[in-house]
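Worksheet: one structure, shown below.
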There are 2 protein chains.
Amino acid sequence: MPRATITDIARQAGVSPTAVSFAFNNPSRLSPSTVERILAVAHNLGYTPNPLSRALVAGHTGMLGVIVPQTMHTIFANPFFATLFQGIGGICDQHNMGMLTLSPREESLEQALARAPVDGFIIVGLNEQHHEILPLRKRGIPFVIVDGDAETAPAVNSDDEQSTYAAAAHLLKQGHREVLILAFETPSRHLDNVFYGVGARRTWGYQRAFAEYGVHWRETWLRPTHGSLEGGAQSFGVAWDEGYRPTAVLAASDIIALGVLRAARQRGIQIPADVELIGYDDIPVAELVCPALSTVHQPIVQKGQLAGELLVAALKGEIHPEQIMLEARLVLRETTR
Amino acid sequence: MPRATITDIARQAGVSPTAVSFAFNNPSRLSPSTVERILAVAHNLGYTPNPLSRALVAGHTGMLGVIVPQTMHTIFANPFFATLFQGIGGICDQHNMGMLTLSPREESLEQALARAPVDGFIIVGLNEQHHEILPLRKRGIPFVIVDGDAETAPAVNSDDEQSTYAAAAHLLKQGHREVLILAFETPSRHLDNVFYGVGARRTWGYQRAFAEYGVHWRETWLRPTHGSLEGGAQSFGVAWDEGYRPTAVLAASDIIALGVLRAARQRGIQIPADVELIGYDDIPVAELVCPALSTVHQPIVQKGQLAGELLVAALKGEIHPEQIMLEARLVLRETTR
DNA sequence: CTCCGCCTGTTAACCCCTTTACTAAAGGCC
DNA sequence: GGCCTTTAGTAAAGGGGTTAACAGGCGGAG
């Protein structure tokens, strides 16, 4: 039995489809008794106007798309995203919107973007100039960039370079000279350049500190790492098992740092005694784990909120593409001495 | 400038709208040169078929709705949901679907359900018989219940009663007689009955243990608590500050238990020395925090996966409404002696 | 007793796209 | 050269709603 349509209700209630539509959207346009009769029939058949048709003519769906170039399985295993979504979700709550999480369909971001029934996007971890993002601009669909380079689109970022510099400088100041850097992989296999978006900015921060402290920058100490606990554990583990013996590790994100923590524990490596460790993000768990993670704090929830607000503003047609830069600061806890 | 439509492309390419449609959905139906020409025009204008119209005629959107009777701000602050979503998201990855997170619109779940452009729902924390869920059934929209009572709909639950019994029994066996129970609030303000769904089952488990150990069940020791860290902290804090002095705490979820941990630390209460604590869920942080949380382990990711798979099966028309019950077991770590 | 305007309800156009005929031209075959 | 089959494209009918424009009935004002 197919779903009831407006016509079915109209027939059963002995009115025109228009009347049914009015009963739902503009009851004052009809006599109370008619409204009541229509609604009764509708309720009886469990009828509700098809949201797709409705959105088609209304021109909007009330849904906000969030797109991250990783699988959802990975995304939701990372508290950074959960926390970011907490911020975005708060704005959705306020505006009665739904939040659609998307990841690349069969490697194609563009497809995912094209099929999403949403009013606008929050794009995390990609630059405005990414070739799969550009079509959105042409289509006139509003979007906000989070953690990515943007010139003309609204965007929210943290002061990555500055803060990773501080993290690296701290370690170098302590005398460390063998420092393993677990950087981000590029977000898409189609990008061969490791220096992309946030990943690039964070790495540059590390590099600048090395340069300033006159420490030779060795490419082998830089490991592109999957942004997951397993990625961090593996990247550190492999380096260690290959015989590298860093005295400190800089991780481009906390989830990677947590992976290092695990891999170190498995190998009987003491942190911070044998190896010092600094992450990035300050996800909520960071201060709860043992030892508490030294990291770079960025206001993740706020980041999500701002992104949500910028998007909502864009949807309303208020065009003031701001590029917001949030402060981030080094927080030393127990994985550093 | 409004978004380009199929007609615009057709006109510019000198063909009919049908041809444009074919160029996208059935290119072999057209001559290669025409397809190329159309696609070129489309690319040029950044045109992509409107997903809403497309879904309207296709009869499906490729989106899966997840609905939880809490604000998104609360949901995403709770690792239980992030972990559940990890499981659901994995299935979405496999089937190229998007995941739409919804929370009640202006207190109305029904509205949220009605406006969501999705093919089916995963409903977390509500019973099949909930008055706002029933319409879905009439409408013939597939849904799967997670953490809720279900008789006819597919559902995934853990063995709540059994496992909370084990948790309570463990504490009572240790001699505790003053036990604070932080139970779930009812999911909706419209429900006056505290004994609802998972919350009820978990509480019954605790109760049964009390009965079996001949310990008087005192209602004042049972506190309905908001399912958040703040909720747990406040509930425990208020009880303590009112002069209650439990020697053990049973929390209906880990996030609540983490709140207890924080509130205890603030008051200088030693856990487990002064108060023993057992949570529920075994969220990933549970074993990372200090002291590591004693809790009831349930396979959260798997729970999400199963729910996703049941829904996908239902969408395909494979109707075998299974009610799956997952095992849960007590895991003693450091918040118990 | 008209005329006007409001109240209710209807008809028809439209939102944007897909898909099922249907047509016309081109190619194959004898 | 005539007939049949492909090939390439089009027109029209939905899919399920909303909304602007319109029509008939009625009460009240003049």
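Letters A, B, ... mirror the listed sequences (proteins, then strands); counts begin at 1. What you are looking at is a predicted structure, and each value in this text was computed from that prediction instead of being measured.
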> Are any of the side-chain heavy atoms of A/M72 and B/C92 separated by less than 4.5 Å?
Replying inline: yes

> In whole angstrom, what separates A/I38's CD1 from C/dT8's P?
Replying inline: 13 Å

>> Taking the ring centre of each residue, are A/F24 and A/Y47 less than 6.0 Å apart?
In response: yes

Check nucleotides 5-9 of chain D against the protein and report each pair of N or O atoms closer than 3.5 Å, with its distance, or say if there are none.
{"from": "D/dG9", "atom 1": "OP1", "to": "B/T34", "atom 2": "OG1", "distance (Å)": "2.6"}
{"from": "D/dG9", "atom 1": "OP2", "to": "B/S31", "atom 2": "N", "distance (Å)": "3.0"}
{"from": "D/dG9", "atom 1": "OP2", "to": "B/S31", "atom 2": "OG", "distance (Å)": "3.4"}
{"from": "D/dG9", "atom 1": "OP2", "to": "B/T34", "atom 2": "OG1", "distance (Å)": "3.2"}
{"from": "D/dG9", "atom 1": "N7", "to": "B/R29", "atom 2": "NH1", "distance (Å)": "3.0"}
{"from": "D/dG9", "atom 1": "O6", "to": "B/R29", "atom 2": "NH2", "distance (Å)": "2.2"}

> Base, sugar-phosphate, or nothing for B/N26, non-hydrogen atoms under 4.0 angstrom?
Replying inline: nothing

> Where the side chain of A/H95 meets the backbone of A/M97, is there a donor-acceptor pair that is under 3.5 Å apart?
Replying inline: no

>> Measure CZ/B/R3 against P/C/dC17 and give the value in whole Å, please.
In response: 7 Å

> Does any donor-acceptor pair link the side chain of B/T18 with the base of C/dT19 at a separation under 3.5 Å?
Replying inline: yes

>> Measure CG/B/N50 against P/D/dG17 and give the value in whole Å, please.
In response: 17 Å

>> If only side-chain N and O atoms count, and only distance matters, is there a donor-acceptor pair under 3.5 Å linking A/R137 with A/T152?
In response: yes

> Aromatic ring centroids of A/F76 and A/F85 under 6.0 Å?
Replying inline: yes

>> Between A/R54 and A/N25, is there a side-chain donor-acceptor contact under 3.5 Å, judged purely by atom types and distance?
In response: yes

I'd like a table of atom pairs between the protein and nucleotides 25-27 of chain D - only N or O on both sides, under 3.5 Å - with the distance next to each one.
none

>> Pairing donors with acceptors under 3.5 angstrom, does anything connect the side chains of B/T18 and B/S21?
In response: no

> Does the side chain of B/F143 come within less than 4.5 Å of B/I122's, by heavy atoms?
Replying inline: no

> Does a donor on one side chain and an acceptor on the other come within less than 3.5 Å for A/D93 and B/S103?
Replying inline: yes

>> Rounding to an integer number of Å, can you tell me how far B/D8 CG sits from C/dC17 C1'?
In response: 13 Å

> D/dG17 C1' sits how many Å from A/I6 CD1, rounded?
Replying inline: 6 Å

>> Expressed as a whole number of angstroms, how long is the span from B/R54:CZ to C/dT19:P?
In response: 9 Å

>> Just the rounded figure in Å: distance from P of D/dG14 to CG of A/L56.
In response: 18 Å

